[in-house]
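Just so you know, these numbers come straight off a predicted model, no measurement behind them.
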Amino acid sequence: MNNGGLLVAGTTSDAGKSVVTAGVCRWLVRQGVKVAPFKAQNMSLNSFVTREGAEIGRAQAMQAQACRVEPTALMNPVLLKPGGEQSSQVVLLGRPVGELSARGYHGGRQQKLLGTVLDCLAELRGTYDAVICEGAGSPAEINLRRTDIVNMGIARNAGLPVLVVGDIDRGGVFASFFGTVALLSSEDQALVAGFLVNKFRGDVSLLEPGLDMLHGLTGRHTYGVLPFRHGLGIDEEDGLRVSLRGTVRESNTAPPVGEDVLRVAVCAIPLMSNFTDVDALAAEPGVVVRFVDRPEELADADLVIIPGTRGTVRALEWLHERGLAEALRRRAAEQRPVLGICGGFQILGEHIEDEVESRRGRVEGLGVLPLRVRFAPEKILTRPEGAALGERVEGYEIHHGVAEVTGGDAFISDDHGHSLDGCRVGQTWGTHWHGSLESDGFRRAFLREVATAAGRRFVPAPDTSFAALREEQLDRLGDLIEQHADTDALWRLIESGAPQGLPFIPPGAPA
């Protein structure tokens, strides 16, 4: 018998589904409920590797952390990793199974995955007291409803009640709520239990008349009004759409410990993946992180990072087009700190042999680090551990590129001093390991090296715990739900499903 469940849908992308899902998960686990997250299909360039070596969206990994459980492939059975505007790599149960165009995926492949998705959800519901599912985009995308496996398609097949989240900070939330319901079929509407307002600023009493009118129009309650809070975003999903120029997720950090700040410039390369790698730096007191796309923006940077990418060769071309390639070469020659992560590491090498990702064959790299990269058909998915700069370091690998390091110094080594990954030449470092900067001791040691090389009187804070900051962030999300949602009504929804007799709102789905 399946236990409780809920689908958190949204009026739009970025309405707050991921945040609300994580908040509900953290609230439930604090009540002693054994809970798991689930997202049937995720489109994201930010991914994570589970303990069993499966690749899933980072948002689901963070939601698992909110549940205080280990993430598994069951929690995100289908992951789409965009390789451009028209195609994506399809990752099924944590393993890549091929590239498909949007037309090819929505034209038939997606619907064939429904059985797998429902099996994963059923297994989770048989194991946990409750499973909190996250939808994608909007459930009212009528052009995609026939093959939908992540919104009303999963809700209908699994009998899940649906809570629709709307971002009132964008405006038009009442029209969005009403229109979302009114564009669904009567069968789908019967599962839409109500609404949750996200990012409200001001006096809630001024909003209440509108919520009452919305109830009168739809017969559906609003389950809460969440206030606007800074710095609550968990790991982003859509690396194609989110504009990162000049921005980084806000962090509540203390003043700098030393006399200087440390300025970090992250190259905003195309198809940037796992840009969450720099979150741990942004959380450090006195570290200022910004995303850049012009060579002049590197001038005052103490550290430049080339992050991961789903298109290494395309990113390399972009660096040349922007004049950043020459600026990076010059910077490395001047012994000014540069760090390449995954695709960024490969870009810094001598050449790339790619018959897998871009199929461009041999392409010359920046020639800054002594390595040669060959793209292999099999994707490397691991959770390694090692040591660097005298500190323990953990990470995760997600890449097709196999690096042959022909010189330089070892960067990350095993307990016997043998090189595990990456290399270093002067003040230029490279590694395939994502997430390494989340290791507190290593991050502090690395920042000390950067500060010395940059001539900055920067001192890393001795007590910054990135894991503790993540926990605090998740607790704040749980607090939002506990303090600003009707949790009794929410639990009834999770336990018993959508209320009976919800009215149909015309016109319904187009014939």
Side-chain angles (χ1 to χ4, degrees), residues 4-21 23-24 39-41 132-200 204 207-226 481 484-486 489-511:
L6 174 70
L7 176 70
V8 179
T11 56
T12 63
S13 296
D14 283 346
K17 296 184 294 292
S18 295
V19 166
V20 169
T21 300
V24 171
K39 185 161 185 173
Q41 171 197 296
I132 308 303
C133 308
E134 180 187 343
S138 162
E141 290 167 350
I142 53 180
N143 56 315
L144 302 177
R145 175 62 185 92
R146 183 179 60 82
T147 58
D148 171 48
I149 64 169
V150 65
N151 290 309
M152 300 313 299
I154 193 79
R156 281 270 292 280
N157 279 279
L160 294 172
V162 178
L163 185 69
V164 180
V165 178
D167 179 356
I168 198 170
D169 198 49
R170 295 180 172 189
V173 75
F174 292 117
S176 297
F177 282 147
F178 183 88
T180 296
V181 179
L183 277 176
L184 301 178
S185 69
S186 58
E187 295 85 357
D188 286 352
Q189 286 193 26
L191 293 172
V192 178
F195 313 108
L196 187 75
V197 176
N198 191 28
K199 294 187 181 179
F200 179 72
V204 176
L207 186 66
E208 287 171 348
L211 300 179
D212 291 339
M213 286 185 273
L214 182 66
H215 176 253
L217 288 166
T218 67
R220 290 158 173 84
H221 291 285
T222 297
Y223 284 74
V225 178
L226 307 185
I481 298 299
H484 300 282
D486 185 344
L490 201 54
W491 176 245
R492 287 195 298 272
L493 197 61
I494 293 167
E495 192 174 38
S496 304
Q500 296 297 306
L502 292 169
F504 172 72
I505 309 302

Distance in Å, [X] [atom1] paired with [Y] [atom2], rounded so as to fall on 0.5 Å steps:
X	Y	atom1	atom2	value
I154	E134	CD1	CD	13.5 Å
N198	K17	CG	NZ	10.5 Å
L226	I481	CG	CD1	5.0 Å
M152	Q189	CE	CD	9.0 Å

Is the shortest heavy-atom distance from the side chain of [X] to the side chain of [Y] under 4.5 Å?
X	Y	result
F195	V173	no
V8	V165	yes
R220	V164	no
D148	V150	yes
P161	I494	no

Of all heavy-atom pairs between [X] and [Y], which one has the smallest distance, and what is that distance?
X	Y	value
L191	A498	O-CB, 3.8 Å
G10	A15	CA-CB, 4.3 Å
V192	L502	O-CD1, 3.3 Å

Expected output: side-chain K199 to main-chain G166 donor-acceptor under 3.5 Å: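 Not at all, since once roles are kept as given, no pair shorter than 3.5 Å links the two residues.
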Side chain N151, main chain G137, donor-acceptor under 3.5 Å: no
Show me the side-chain donor-acceptor pairs of residues 177-186 shorter than 3.5 Å, one per line, residues at least two apart or across chains.
residue, atom, partner, partner atom, Å
T180, OG1, S176, O, 2.6
S185, OG, E187, OE1, 3.4
S185, OG, D188, N, 3.2

Residues in side-chain hydrogen bond (donor to acceptor under 3.5 Å, both in side chains) contact with D212, at least two apart in sequence or another chain: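 Scan of D212 (side-chain hydrogen bond (donor to acceptor under 3.5 Å, both in side chains), adjacent residues dropped) gives none.
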Residues that D486 engages under side-chain contact (heavy atoms from CB on, under 4.5 Å), provided they are two or more places apart: D488, A489
